[in-house]
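Letters go in sequence order (proteins before strands), and every chain restarts at 1.
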There are 4 protein chains.
Amino acid sequence: MANSKYEYVREFEENPTLLPNTFIVVRVDGRGFHKFANKHGFQKPNDRRALDLMNAAAEATMREISDISIAYGVSDEYSFVFDRATSLFDRRTSKILTTVVSTFTSYYVYHWPTFFSGEDQGLSPPLPSFDGRVVLYPSTKNIRDYLSWRQVDCHINNLYNTTFWTLVERGKLSNREAEERLKGTVSADKNEILFSQFGINYNNEPELFKKGSVLYRVVSESFPIHLIQRPDTISKTQAEKQRKLRQKATIQKEHVDIIQDAFWEANPYLLLDS
Amino acid sequence: MANSKYEYVREFEENPTLLPNTFIVVRVDGRGFHKFANKHGFQKPNDRRALDLMNAAAEATMREISDISIAYGVSDEYSFVFDRATSLFDRRTSKILTTVVSTFTSYYVYHWPTFFSGEDQGLSPPLPSFDGRVVLYPSTKNIRDYLSWRQVDCHINNLYNTTFWTLVERGKLSNREAEERLKGTVSADKNEILFSQFGINYNNEPELFKKGSVLYRVVSESFPIHLIQRPDTISKTQAEKQRKLRQKATIQKEHVDIIQDAFWEANPYLLLDS
Amino acid sequence: MANSKYEYVREFEENPTLLPNTFIVVRVDGRGFHKFANKHGFQKPNDRRALDLMNAAAEATMREISDISIAYGVSDEYSFVFDRATSLFDRRTSKILTTVVSTFTSYYVYHWPTFFSGEDQGLSPPLPSFDGRVVLYPSTKNIRDYLSWRQVDCHINNLYNTTFWTLVERGKLSNREAEERLKGTVSADKNEILFSQFGINYNNEPELFKKGSVLYRVVSESFPIHLIQRPDTISKTQAEKQRKLRQKATIQKEHVDIIQDAFWEANPYLLLDS
Amino acid sequence: MANSKYEYVREFEENPTLLPNTFIVVRVDGRGFHKFANKHGFQKPNDRRALDLMNAAAEATMREISDISIAYGVSDEYSFVFDRATSLFDRRTSKILTTVVSTFTSYYVYHWPTFFSGEDQGLSPPLPSFDGRVVLYPSTKNIRDYLSWRQVDCHINNLYNTTFWTLVERGKLSNREAEERLKGTVSADKNEILFSQFGINYNNEPELFKKGSVLYRVVSESFPIHLIQRPDTISKTQAEKQRKLRQKATIQKEHVDIIQDAFWEANPYLLLDS
């Protein structure tokens, strides 16, 4: 029995691909996580368990998809950056996007009990889920600016949220009053409120909260830098070998500044230029 | 602290949308499920637990995303069909695609222990994941032909696999011998092998295996048909009301023919025309 | 001498195609025609020579591209509607779009002297040019609504412009005064101004100005209706034969209502459904 | 009279834009120019009038669209390269593509009589037309490789065609015999045929034929290099000023090598990096 009568419907499928020689970012975001956080009693302004779970899911995703060079996470979002020369799935847009989103989701649900192990902390429908999008950046400057954008956002939001929840929880303000109090304030004002009113030095807050999380493959004996070359300049055999090296490489997790040059100068192979 | 210096990177984001007034299909497919099935000892040619799990994840997905009218699943794939008039997420491609894929994945992992509850059946990395794609169909005929294509595929594959594994498991042929034996055979030949050699009447095989699974919302008191109207012809308030009705509607699971007209004549509201 | 070293750049080319079984509209628009009209002394509010030239270019475009079923023009824009089943250029977006725009432009410049034959009426840089866009419509209702939208626009603009320029040229108002006079008026008000103040019955204005122009292939001995079938339901040979019939068909130009059903009932083959 | 009832059809329009910070190439190609060349008696293998006309149309296109930095033409094709930072038409794909194609077509038809001025050389339907496509290149290396690809193609084709037509016209071979004679030959073989059999030194052939044509804006008093800056790093006023400088700049036409570095080192502002 042939399927020819209906097979014409395949012609309606499109297979767009991502422009070669550009950095591919897949950013996943928690769907309705405000509500989800309340349901599971996430601590304000940061829940360490929730952040650790995000990081665990992201690390597993990088482990499974070895063309990801570096990832950056803050709150309920994570950005995965592919090597600009990757030929994964022939750079088909849907395939790359959905593989990242699905892998991340899978590990998030799977690792949930590791981080939320208490009684009454089990998941129940509606379950956590993530949407995702793909963005392309043509130059090293652009991709670094993208990551800087996310980390500045992390800083702005965390300083605001830290001050807001301190005013609410220790200052006994209502949510509305805290919002009013912060209206029009700049960073210096918030630092001042925290310090003079509550004796909190924002600089001493955990780096995880202030900087977010950076995951990247570490050059080591199992991932020797002199073997790292742009995938499109080497043979298929070499590329496969390189892929295996990447898979075995240690994935490092840090909470450091990725806006300044220092991090990138220490890890020059992460954003290899063309 | 403003974020303006880096915010220009947002201009690199694209937000393509799906052509209005077309049926949207999101098809999810298990990634590397051949290997995954072996790892977890799925029965050949069909593992009822695995299919039940697929159906459970699909039903939960339909429960959470109420604009899905009907879904069809076979093996490790599932197709979700949205109402052609849906305005979900303003029909943004990435949002619709990733939300379906992530929700499906989340429930698949969550429900795993329900269907694979035995010892040594727990999940372990690498975890199951799914890729997905979006396809648009402009007419009722096109979308019906799409679903027919998938169901014919189910039939062709299941007849082949049933005969193949019967030859291997009961006929004691090697995989290679069974492959050779089936080369060039048509449906009638396979039916004949099953019947004359093993006394199996293919028609008596489970409908779940032969027909796949159809999920759809049932018209009932909680989802009264006289209230169902094309979303784009009614007010926002009415649309919201209708969405809530859809959410409460019973989701029916059947293993029936969706190629012939009978099913569609019994459920005319599923593919409302424009 | 091989070209292999550089040929990789072809991988950066994309070839998006237009969703099958949808009506394709290519709309061309004059670029900077306000200025261009002034340069060449187009009459206000309508210049018959300019409209005749648009129609001549459009007819030639339909003559060369036989998969266009119907076209509608008003002012310096023209919409070309392809048969929903067309497989021209395998429905490649850029090819269809640029071929229409270029063909139209070519004939516009070529035919210019036919309609602007006076001395000092010759073209000179900057020359006329047109941009274009492609839009898809999935249903017959949608494409008819598109054409209705353009014709309603024609009516609204022409009534406004006719009243405006009558106020200016015969009423001796300045442009600004005329604009003020018309602010907030509805159609009935404008009709009244024309009639009571200038004795003009708008209904007696030329149909070309009030209705725009419709071009379509006429069923006749050379284009017999019983031979017209959806291209995707017939053989390649039959399709080629049909294409030749279309090429030979008379192209009719009319200035009639295409909002009501009458026109479409008289020409049911123009928007063959799927 | 409102147009609201039909205006919903605008939602079917898409406005895709081109990825920022990439070099935009619009390549136009003559449609059916083999036949067109025969109709108008183009000389083989190169018709100088036809090439001069292509160059005139391209130069006028660059004159009207000042964001084009450089253009390269060979045979009946022309590639226009935009500054990677251009914000022309907000980088809308269709607008950029069709504006180039239409402007080029307009000048091609307009200038035809300048180059084909003889009797019986006038245009007649079917008229010349051009299709076009957009391609993006993310790096300076990529765009240079693109231009190299086109120039290598020019060389390969011209050497072949020169030898082929010399064999036919002076060697009295039939087209088929000439084709057979050249099958499997490399460049050196063709040079040898030309030289030993016909006394032709290919190196002495006109540069226009061997190298194609490069058009670019010349740095001069009217386009001073110290004022040239990346459009996205300067204010709107400065950008507008810069645009005017570009418009006034002399456009230089050369038939030189653009594969080696010399040309680019002499004109470093043409492909400003990001």
Side-chain angles (χ1 to χ4, degrees), chain C residues 1-3 5-10 12-15 25 28 31 60 63-64 89 93-95 97-99 101-110 112 123-138 142-143 145-153 155-156 159 186-187 259, chain D residues 1-3 5-10 12-15 25 28 31 60 63-64 89 93-95 97-99 101-110 112 123-138 142-143 145-153 155-156 159 186-187 259:
Chain C
M1 179 172 181
N3 205 344
K5 186 181 170 189
Y6 302 121
E7 217 152 6
Y8 81 92
V9 298
R10 298 197 67 174
F12 291 69
E13 295 186 3
E14 287 186 284
N15 279 303
V25 173
V28 302
R31 295 186 58 239
R63 179 67 56 208
E64 290 213 4
F89 306 137
T93 312
S94 295
K95 193 97 172 174
L97 171 60
T98 56
T99 297
V101 170
S102 180
T103 304
F104 186 86
T105 304
S106 193
Y107 279 96
Y108 190 92
V109 174
Y110 174 78
W112 176 271
L123 288 173
S124 64
L127 296 185
S129 63
F130 298 84
D131 57 38
R133 59 163 66 236
V134 179
V135 195
L136 300 178
Y137 291 102
N142 293 150
I143 186 66
D145 285 349
Y146 170 80
L147 292 167
S148 296
W149 174 54
R150 299 323 303 141
Q151 194 167 50
V152 169
D153 227 48
H155 171 72
I156 293 172
L159 177 54
V186 295
S187 292
I259 301 175
Chain D
M1 180 175 180
N3 204 345
K5 186 180 170 189
Y6 302 121
E7 217 151 8
Y8 81 92
V9 298
R10 299 196 68 174
F12 291 68
E13 295 186 5
E14 287 186 283
N15 278 303
V25 173
V28 303
R31 296 186 57 237
R63 179 68 55 208
E64 290 213 4
F89 306 137
T93 311
S94 297
K95 192 97 173 175
L97 172 59
T98 56
T99 296
V101 171
S102 179
T103 303
F104 186 86
T105 304
S106 192
Y107 280 95
Y108 190 92
V109 174
Y110 174 77
W112 176 271
L123 289 173
S124 64
L127 295 185
S129 62
F130 298 83
D131 57 38
R133 59 163 65 236
V134 179
V135 196
L136 299 179
Y137 291 103
N142 293 149
I143 185 66
D145 286 349
Y146 170 80
L147 293 167
S148 297
W149 173 53
R150 298 322 303 139
Q151 194 167 50
V152 169
D153 226 49
H155 172 72
I156 293 173
L159 177 55
V186 296
S187 292
I259 300 175

Kindly compute the distance separating CD (C/E7) from OH (D/Y146), expressed to the nearest 0.5 Å. 12.5 Å
Under 4.5 Å from any heavy atom of chain D - which part of C/L123: both
What distance do C/S106 atom OG and D/F130 atom CZ have between them, rounded to the nearest 0.5 Å? 8.0 Å
Checking C/Y108 against chain D: side chain, backbone, both or neither under 4.5 Å from a heavy atom? neither
State which residue, out of D/T103, D/T105, D/V109, fulfils the side-chain contact (heavy atoms from CB on, under 4.5 Å) condition with C/T105. D/T105
Under a 4.5 Å heavy-atom cutoff, which of C/N15, C/V134, C/T93 has the most pairs with chain D? C/N15
Please rank D/L127, D/L97, D/V101 by heavy-atom pairs under 4.5 Å with chain C and give me the top one. D/L127
Partner chain C: residue of D/Y137, D/F104, D/W112, D/F89 with the largest heavy-atom pair count (under 4.5 Å): D/Y137
C/P125 and D/Y110 have their tightest heavy-atom pair at CD-OH, 3.6 Å
Are any of the side-chain heavy atoms of C/R10 and D/W149 separated by less than 4.5 Å? yes
Polar side chain donor-acceptor pair, C/D153 to D/Y6, under 3.5 angstrom: no
Who among C/E14, C/E64, C/R63 has the most heavy-atom pairs with chain D under 4.5 Å? C/E64
Just so I know, are the side chains of D/F12 and C/V25 near enough to count as touching, which here means a heavy-atom distance under 4.5 Å? no
Say you draw a straight line from OG of D/S129 to OH of C/Y107; how long is it, rounded to the nearest 0.5 Å? 8.0 Å
Answer key: most heavy-atom pairs under 4.5 Å with chain D among C/T99, C/D131, C/T98 is C/T98
